[in-house]
Amino acid sequence: VTQPDLVVVGSGFFGLTLAERCAAELDLKVLILERRPHIGGNAYSEFDAETGIEVHKYGTHLFHTSNERVWEYVNRFTAFTNYQHKVFGKFKGQVYSLPMNLALINSFFGKSHTPDEARALIAEQASEISTEDAKNLEEKAISLIGRPLYEAFIKGYTAKQWQTDPTELSAEIITRLPVRYNFDNRYFNDKYEGLPVDGYTAWLQRMADHPNIEVRLNVDFLDPEVNAEFKGKVPIVYTGPVDEYFGNSEGRLSWRTVDLEQEILPVDDYQGTGVVNANDPEVPFTRELEFRHLHPEREASYTKGKTLVVREYSRFAEADDEPYYPINTAEDREKLLKYRDLANKEPMVLFGGRLGTYKYLDMHMAIASALSMYDNKVKPHFADGAEFK
Ligand code: FDA
């Protein structure tokens with residue numbers, strides 16, 4: 001590509017979707033700038049050489065959606081397995097089936113309950129505090145599911161996730177704590193669910209694989225030289241952090257990050273499933289991931305006698321950390337309004353994706369949001385001369 005028609009900053013699902021649509025449908029020359037040494041944003045994965053296991057480098061990524069358009073679109077680039085996600089949680093030497101359901105209630109209270117008996121039990125335990133009176137996350141959770149379940153399955157996990165005692169977290173963080181009064185333990189309720197048959201990176205690469213798309217890795221758009229080359233000269237879709245774009249002029253938006261500690265263990269199978277939450281407060285990590293279980297259909301290709309485990313440690317993100325989950329305090333929301341104002345005034349730049357909008361987006365949401373920016377803003381500009389706004 002010599003002179004691009006459009007520059008896309010960031011090669012995550014948002015940037016790739018937008019670039020692919022512009023290249024394929026509008027025949028535009030698209031230049032993607034990516035500051036990491038690989039494409040794909042946080043969905044990027046690699047096959048570990050020692051074990052043959054696909055590792056999601058930025059934490060487990062499970063694809064699920066009920067959006068027909070997104071499902072049709074993603075199937076152009078990859079086939080999906082029939083994997084269905086299940087999560088378990090360890091507490092005081094026992095393993096329970098999550099989300100909270102009848103299996104968990106029965107094993108936790110050591111007795112079988114009919115759905116109605118379980119409902120009555122939880123309602124009675126939750127009556128300790130009324131939801132309207134709850135002044136913090138702990139009280140809110142107790143008012144929804146009662147103290148025993150709160151103390152086992154919410155308290156320690158939440159404290160680790162936020163590095164804050166739940167009595168000091170806002171009640172607003174949780175609106176519902178769904179309990180299923182049946183044995184359904186599927187984690188997601190969406191119509192479609194699965195994992196890309198030959199891995200995330202193959203999928204992501206196919207999206208970028210178009211003669212009209214050029215990807216430049218290890219290039220930071222905020223590098224003054226790069227910035228000077230493109231800013232104001234060509235339409236730009238920016239999917240990096242919105243605060244960074246404006247030099248943090250309104251202050252930094254706060255994020256949580258996750259440290260991932262990877263270990264190869266000398267066993268075929270460490271925990272028998274993909275994800276086990278660590279609910280005990282004294283265990284320092286929040287969960288353990290064993291990636292082989294996401295692709296049981298690949299068992300024959302894995303090295304015998306070895307497995308790969310990743311432990312996640314959650315903490316507040318400092319300036320150089322990967323921003324993972326928006327914390328979204330009242331202060332953050334105020335700053336965000338100011339950044340949105342600045343973003344709206346920025347000529348020839350559209351802000352998108354989870355970093356550009358400071359929103360947690362699942363993959364299907366990032367793709368849906370990119371398709372809608374394409375329909376409503378980008379295509380009208382290139383096809384009908386509408387303002388790039
Ligand atoms: P994404 O962050 O992927 O991409 C942005 C890209 O822009 C990055 O590659 C970055 O390097 C680049 N960039 C930033 N600034 C730049 C600059 N100045 N110059 C050049 N490049 C720049 N979703 C889901 O559906 N199921 C799941 O199970 C999970 N699990 C999950 C776990 C964890 C720990 C996280 C953090 C996220 C998930 N997700 C998820 C969400 C998923 O990762 C998310 O939907 C996509 O990453 C969103 O894609 P974006 O393109 O918006 O951002």
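For this chain, numbers begin at 1 and follow the sequence in order. Whatever order the structure lists ligands and atoms in, that order sets their numbers, starting from 1.
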Does ligand 1 have any atom that is closer than 4.0 Å to a heavy atom of [X]?
X	answer
P241	yes
Y44	no
Y245	no
V226	no
V258	no
F13	yes

Salt-bridged, [X] to [Y], with N to O below 4.0 Å?
X	Y	result
D341	K338	no
K379	E25	yes
E250	K335	no
R287	E261	no

Test of understanding: given a 4.0 Å heavy-atom threshold, classify the contact between [X] and ligand 1 as side chain, backbone, both, or neither.
X	answer
T60	backbone
N42	both
Y325	side chain

Which residue owns the protein heavy atom closest to [atom], what's the atom, and how far is it?
atom	answer
atom 24 (C) of ligand 1	D362 OD1, 3.1 Å
atom 40 (C) of ligand 1	Y360 OH, 3.3 Å
atom 45 (O) of ligand 1	L361 O, 2.6 Å
atom 19 (N) of ligand 1	F221 N, 3.0 Å
atom 52 (O) of ligand 1	R354 N, 2.9 Å
atom 22 (C) of ligand 1	R35 CG, 3.7 Å
atom 14 (C) of ligand 1	G240 CA, 3.5 Å
atom 18 (N) of ligand 1	D220 OD1, 2.8 Å

Could you check which of L62, T257, V9 puts a non-hydrogen atom nearest to atom 27 (C) of ligand 1?
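Going through L62, T257, V9 one by one, L62 has the nearest heavy atom to atom 27 (C) of ligand 1.
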
message: On a heavy-atom basis, I'd like to know which of H61, M365, M363, H364 is closest to atom 43 (O) of ligand 1.
response: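 Considering heavy atoms of H61, M365, M363, H364, the nearest to atom 43 (O) of ligand 1 sits in H61.
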
Residue [X] vicinity, atoms of ligand 1 by number, heavy atom under 4.0 Å:
X	result
V219	19 (N), 20 (C)
R36	9 (O), 11 (O)
E34	6 (C), 7 (O), 8 (C), 9 (O), 10 (C), 11 (O), 12 (C), 20 (C), 21 (N)
Y58	33 (C), 34 (C)
G353	52 (O)

Roughly how far, to the nearest 0.5 Å, is the [atom2] atom of [Y] from the [atom1] atom of [X]?
X	Y	atom1	atom2	value
T273	R292	OG1	CZ	12.5 Å
L294	S45	CG	OG	10.5 Å
K304	E299	NZ	CD	7.5 Å
F63	T78	CZ	OG1	10.0 Å
L102	F183	CG	CZ	4.0 Å
N212	L6	CG	CG	11.5 Å

Is the backbone N or O of [Y] less than 3.5 Å from a side-chain atom of [X], with the two atoms forming a donor-acceptor pair by type?
X	Y	answer
Y83	H295	no
R354	Y324	yes
T164	L169	no

Set of residues satisfying ring-ring contact (aromatic ring centres under 6.0 Å, His included) with respect to W162, sequence neighbours excluded
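Residues passing ring-ring contact (aromatic ring centres under 6.0 Å, His included) with W162: none at all.
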
